[in-house]
J.: 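Dropping the structure in here first, questions after.
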Protein chains: 2
Amino acid sequence: MKKSSEEILKSSALSLTAGRKTILDIFLSSPNALAHQDIETICKEKYDRVTIYRTLQTFLEKGIIHTIPSSDNITRYALCNDDCIVTGHHHDNHVHFTCDTCGKTICLDETEVPSVHLPKGFRAHQINMIVSGVCKSCA
Amino acid sequence: MKKSSEEILKSSALSLTAGRKTILDIFLSSPNALAHQDIETICKEKYDRVTIYRTLQTFLEKGIIHTIPSSDNITRYALCNDDCIVTGHHHDNHVHFTCDTCGKTICLDETEVPSVHLPKGFRAHQINMIVSGVCKSCA
DNA sequence: AACATTTTGCAACAAAGTTGCATTCTTTCT
DNA sequence: AGAAAGAATGCAACTTTGTTGCAAAATGTT
Ligand SMILES: [Mn+2]
Ligand SMILES: [Mn+2]
Ligand SMILES: [Zn+2]
Ligand SMILES: [Zn+2]
C-alpha cells in the first residue's frame, strides 16, 4: 500500500505544511521524474520559487526523493523507495530511463544496475546508469 | 599516436583559430573532464565567456568532445575517441568515474559499459554509467 | 491560547547561459 | 600578396537559474 503525503511527511519528522503536501502529492501522482521547473509551472501561483527550492532540498536530505543524473544540466527528482535512506545515505539502485521521443525520465524500479569491474585502484561507492532511447509509451 | 589540436580541427573541417586551439589543447593536456567554468578560469583573460560557450558547443557537434552526465547540474566535457562520431551520433561506450575525494571526473576508456536487460517495450539507444567513489590517486 | 520553533515570501543578489550585432580574423580565390 | 567572402569573436544586453537574509506567517507543543 502506497503511503500518503501526510504519512511520508510525518515519518520523516517534517512539519505538515500546505506547500510540502502539495509538492509531495505532485510527485506521488507523477509517473515520471520532475525538474524544479516542472513543479514551478504547476504551482507557481501558490508557492514561491524559493519555497520550492527549499522543499526539494529538504526532501532530498530526508530521503524522500532522489536526483537523477543527466547530461542536460537539469536536475530531475523522483520519489525514493520506502527503505531508501535507512542506512544514512541513499541507495536507489535502479536504472533510469530517458525517452528521446517524449523527453520523459522515469525510474525503472525493477531494473537493477548491473555491477561493473573497475580498473585496479578504483573503489565504487555508488553506481548510476541512465539509459536513453524509446520508452514503452512511445514505442 | 595522439593527434594534435591542429590536426583535430582540420579533420573536423573547423577553421583554425587561436581560441579553438587553446581550448582544445587544454582538453588534450587534461587528465580529467572539464566544466565550462574550469576552462573559463584558465583562459578568461584571453577569451570571452561567450566564445568558450560557443566553442564547446561546436566541439560537441563535431564529435570532438562529449558530455558526462552528473547529478550536480554541472556539465563536464571530455575528449572523444577518434572514431566517436563516424556514424553521425556519439558512441562513447565507456564508464565515467567521479571521485568523492578529489572531485575529479574521468573517462575510464578501457571500461566498457555493461549491458542491461530492460523491461519489455523499452528500446535502448545509449547507455551511460557514472560511478562515484574513490579514485586511483586518492586511494 | 500562548509560546517557541519552523517555514514561507519577498527582495536583493549572484551565477549561468543566450542572443544580436558590429568588428576582426581565416580562408579562398585571383 | 592582396581582395573578397565567410566565419568566429567580443561586447552589451538580457533571460534563466539558484542563493541568501530577514521579517511575517504558520506550525506544533505546552
Ligand atoms: Mn529513481
Ligand atoms: Mn568519456
Ligand atoms: Zn517516451
Ligand atoms: Zn580522487
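Just so we're clear, the structure is a prediction, and the values are computed from it rather than from any experiment.
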J.: Nearest heavy-atom pair of A/His36 and A/Arg49: which atoms, and what distance?
T.: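 In terms of heavy atoms, the two residues are closest at CE1-O, 3.7 Å.
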
J.: What's the CG-C1' distance between B/Asp72 and D/dG18, to the nearest Å?
T.: 14 Å

J.: What is the distance from CG of B/Leu9 to C1' of D/dA7, rounded to the nearest Å?
T.: 14 Å

J.: I'd like to know if the side chain of B/Arg20 and the backbone of B/Ser15 have a donor-acceptor N/O pair within less than 3.5 Å.
T.: yes

J.: With side chain to side chain contact (heavy atoms under 4.5 Å, CB included) as the criterion, how do A/Val131 and A/Thr98 come out once you've worked through the C-alpha distance, each side chain's angles and the decisive distance to 0.1 Å?
T.: CA-CA 6 Å; A/Val131 180; A/Thr98 300; over 6 Å; no

J.: Pull out every residue in residues 39-55 of chain B that has a heavy atom closer than 4.0 Å to any atom of DNA chain C, ordered by number, or say none.
T.: B/Arg49, B/Val50, B/Tyr53, B/Arg54

J.: Nearest whole Å is fine: how far is C/dT7 P from A/Phe59 CZ?
T.: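 It is 11 Å, rounded to the nearest whole Å.
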
J.: Give the rounded distance in Å between these two atoms: CD of A/Gln57 and C1' of D/dT17.
T.: 15 Å

J.: Select from B/Thr75 and A/Ala18 the residue whose nearest nucleotide in DNA chain C is closer to the 5' end of that strand.
T.: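 So the residue in question is A/Ala18.
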
J.: Could you walk me through whether A/Gln37 and A/Thr41 pass side-chain hydrogen bond (donor to acceptor under 3.5 Å, both in side chains), step by step?
T.: CA-CA 6 Å; A/Gln37 179 61 62; A/Thr41 304; 3.3 Å; yes

J.: Are a donor atom and an acceptor atom from the side chains of A/Ser11 and A/Lys3 found within less than 3.5 Å of each other?
T.: yes

J.: Kindly point out which of C/dA16, C/dT7, D/dT9 is positioned nearest to the side chain of A/Arg20?
T.: C/dT7

J.: Polar atoms only, N or O, under 3.5 Å: list the protein pairs with nucleotides 28-30 of chain D and their distances.
T.:
{"unit_1": "D/dG28", "atom_1": "OP1", "unit_2": "A/Leu16", "atom_2": "N", "d": "2.9"}

J.: Looking at A/Asn32, is its backbone amide N or carbonyl O close enough to the side chain of A/Ser30 to form a donor-acceptor pair, meaning the two atoms are under 3.5 Å apart?
T.: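 Pair found, side chain donor or acceptor close to backbone of A/Asn32.
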
J.: For B/Tyr77, run the side chain to side chain contact (heavy atoms under 4.5 Å, CB included) check against B/Thr67, B/Leu34, B/Thr105 and tell me which one passes.
T.: B/Thr67

J.: What integer distance in Å separates B/Leu56:CG from D/dT9:P?
T.: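 Between P of D/dT9 and CG of B/Leu56: 11 Å.
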
J.: Check the distance between C/dG17's C1' and B/Tyr77's OH and give it to me in whole angstrom.
T.: 10 Å

